[in-house]
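Working notes, structure below.
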Amino acid sequence: AVGFTEAIANDVMTQEVDSRLTYNRPKPIATAPADAPDASEEVLDLSGPELKLLQPGYTLDDAYAKFRSMAIDPTIGMVLGLGQNQSIAPVVGGQSPSADASGFSLNLLTSNAIGPYMPLLMNKATAWGKVVDFTRQVVKHTLKESVELVVSGSGADADRVEWVALKPDDVTDIPCQVDIDPISDAERIGLAKHFLEGVIGGYVPERILQERGYGSENVDFWREEIIQDAARRLLAQYEVQQALREMIEEEAIASNPTPTILGPNGQPLPPSTGEMQQAGGMPQEPRPSTVGRENVPGSGGQAGQKPLNQGVSQAAMNGAGGF
């Protein structure tokens with residue numbers, strides 16, 4: 001019975017769709033009691049724009065009203081539920097690890113339903129590989145000259161298109177292998193979680209997670225982007241600190257503004273002049289320096305002090321009189 005699940009679903013779905021397409025369109029008919037007069041038309045045609053008038057006693061009805069399926073068949077709902085709600089393991093579906101494992105049997109039913117399509121995918125991949133092999137042999141043995149191929153970029157160079165030349169000497173006898181990934185989104189999420197646990201445990205490389213779990217085609221480009229994002233986050237912390245300092249300085253200046261001092265004419269004075277006025281009036285005129293004036297010959301020195309040369313002469317005179 002497991003192997004006929006897909007055939008049963010196809011048969012039931014075909015009958016349901018055929019019934020809806022056939023009987024969902026109304027079939028208008030005119031009905032009347034037995035003693036009603038005969039109808040003026042044998043066929044009631046409502047396709048035209050003109051107005052149709054029925055004779056007294058006649059009513060318009062739908063001939064397919066009793067044959068139309070008005071509700072979804074329970075069997076169809078059950079078959080669709082096998083593939084939608086219970087086709088994955090309970091743990092992958094978000095349930096607890098102790099959930100009932102009966103979903104695995106339904107997963108087996110879904111696998112059997114998908115199984116007949118796997119040979120078709122394999123045949124398609126094999127056919128594309130032979131196409132590539134045939135084209136390469138034509139370049140090598142028939143054309144015998146370089147052929148340019150259009151190659152789209154990937155990663156950061158996704159918008160760039162390159163012209164790659166295929167030379168006859170570059171063609172080898174190694175057969176081409178084409179792989180078609182039949183994994184669904186639900187299965188890919190389960191694989192990503194599985195490989196992530198291995199990366200955290202330290203026994204699966206990150207490259208496997210990015211390639212098989214997330215479908216990366218250029219792991220090196222992803223690694224560079226991850227490093228650059230980490231650097232931007234570190235740089236953002238310093239930028240936030242610098243912005244905080246600037247905001248604190250602006251707030252301090254705004255809370256303690258410099259007072260404006262007006263002059264005699266009522267106009268504001270410059271900041272330097274205003275500070276001098278506030279300290280004690282207008283600035284005084286500069287005085288000449290008195291440093292070293294007592295050493296100058298003929299100078300009287302500062303007020304109340306004796307010149308240095310007179311003291312030296314007196315000392316010399318006292319010394320001379322001692323001899």
Side-chain angles (χ1 to χ4, degrees), residues 2-7 9-11 13-14 17 80 82-84 87-89 92 107-199 203-229:
V2 174
F4 294 98
T5 303
E6 183 182 6
N10 291 337
D11 187 30
M13 290 292 296
T14 301
V17 172
L80 295 179
L82 294 178
Q84 294 178 355
S87 62
I88 58 177
V92 178
N107 192 9
L108 179 61
L109 297 178
T110 306
S111 301
N112 292 334
I114 300 176
Y117 298 101
M118 295 301 296
L120 299 179
L121 294 177
M122 297 176 62
N123 293 338
K124 182 178 180 180
T126 304
W128 276 113
K130 291 183 178 181
V131 168
V132 174
D133 290 338
F134 178 79
T135 305
R136 294 166 65 229
Q137 296 300 324
V138 169
V139 173
K140 182 177 181 179
H141 299 289
T142 304
L143 300 179
K144 297 181 180 180
E145 61 181 11
S146 299
V147 177
E148 293 183 350
L149 305 175
V150 179
V151 179
S152 301
S154 61
D157 302 330
D159 298 334
R160 186 178 64 182
V161 178
E162 298 180 353
W163 293 87
V164 180
L166 179 61
K167 301 179 181 180
D169 296 338
D170 298 337
V171 178
T172 63
D173 295 333
I174 301 176
C176 176
Q177 182 178 357
V178 179
D179 294 330
I180 299 178
D181 188 7
I183 298 178
S184 63
D185 294 338
E187 294 174 342
R188 193 177 300 279
I189 293 174
L191 286 177
K193 294 181 179 179
H194 173 69
F195 289 128
L196 179 59
E197 294 178 358
V199 172
Y203 45 87
V204 174
E206 295 183 358
R207 177 181 59 83
I208 302 298
L209 171 63
Q210 295 176 354
E211 288 181 351
R212 301 186 59 182
Y214 294 96
S216 174
E217 298 180 356
N218 192 342
V219 178
D220 295 335
F221 174 74
W222 279 32
R223 184 174 180 273
E224 294 177 359
E225 286 288 329
I226 293 174
I227 295 176
Q228 292 178 4
D229 292 341

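We number each residue from 1, following the sequence as shown. Note that these values count all heavy atoms, side chains included, but never hydrogens, waters or copies made by symmetry.
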Do [X] and [Y] have side-chain heavy atoms sitting under 4.5 Å apart?
X      : Y      : result
Val150 : Trp163 : yes
Gln137 : Asp173 : yes
Gln210 : Ile226 : yes
Glu225 : Asn218 : no

Can you give me the closest heavy-atom contact between [X] and [Y], atom names plus distance?
X      : Y      : result
Arg212 : Phe195 : CB-CE1, 3.7 Å
Ala192 : Gly213 : CB-O, 3.9 Å
Lys144 : Pro168 : C-CG, 3.5 Å
Val171 : Lys140 : O-NZ, 3.5 Å

Q: Output, in order, the C-alpha distance, side-chain angles, deciding distance and verdict of side chain to side chain contact (heavy atoms under 4.5 Å, CB included) for Val219 and Glu211.
A: CA-CA 7 Å; Val219 178; Glu211 288 181 351; 3.5 Å; yes
Distance, nearest 0.5 Å, that separates [atom1] of [X] from [atom2] of [Y]:
X      : Y      : atom1 : atom2 : answer
Trp222 : Ile227 : CH2   : CD1   : 15.0 Å
Leu191 : Ile208 : CG    : CD1   : 12.0 Å
Glu145 : Leu166 : CD    : CG    : 11.5 Å

For residues 123-134, please give each side-chain donor-acceptor pair under 3.5 Å, one per line with the distance, not counting sequence neighbours.
unit_1: Asn123; atom_1: ND2; unit_2: Pro119; atom_2: O; d: 3.1
unit_1: Thr126; atom_1: OG1; unit_2: Met122; atom_2: O; d: 2.9
unit_1: Asp133; atom_1: OD1; unit_2: Arg136; atom_2: NH1; d: 3.4
unit_1: Asp133; atom_1: OD1; unit_2: Cys176; atom_2: N; d: 2.9
unit_1: Asp133; atom_1: OD2; unit_2: Cys176; atom_2: N; d: 3.3

Q.
With a sphere of 6.0 Å drawn around CD of Gln228, does it hold more than 12 non-hydrogen atoms of other residues, nucleotides or ligands?
A. yes
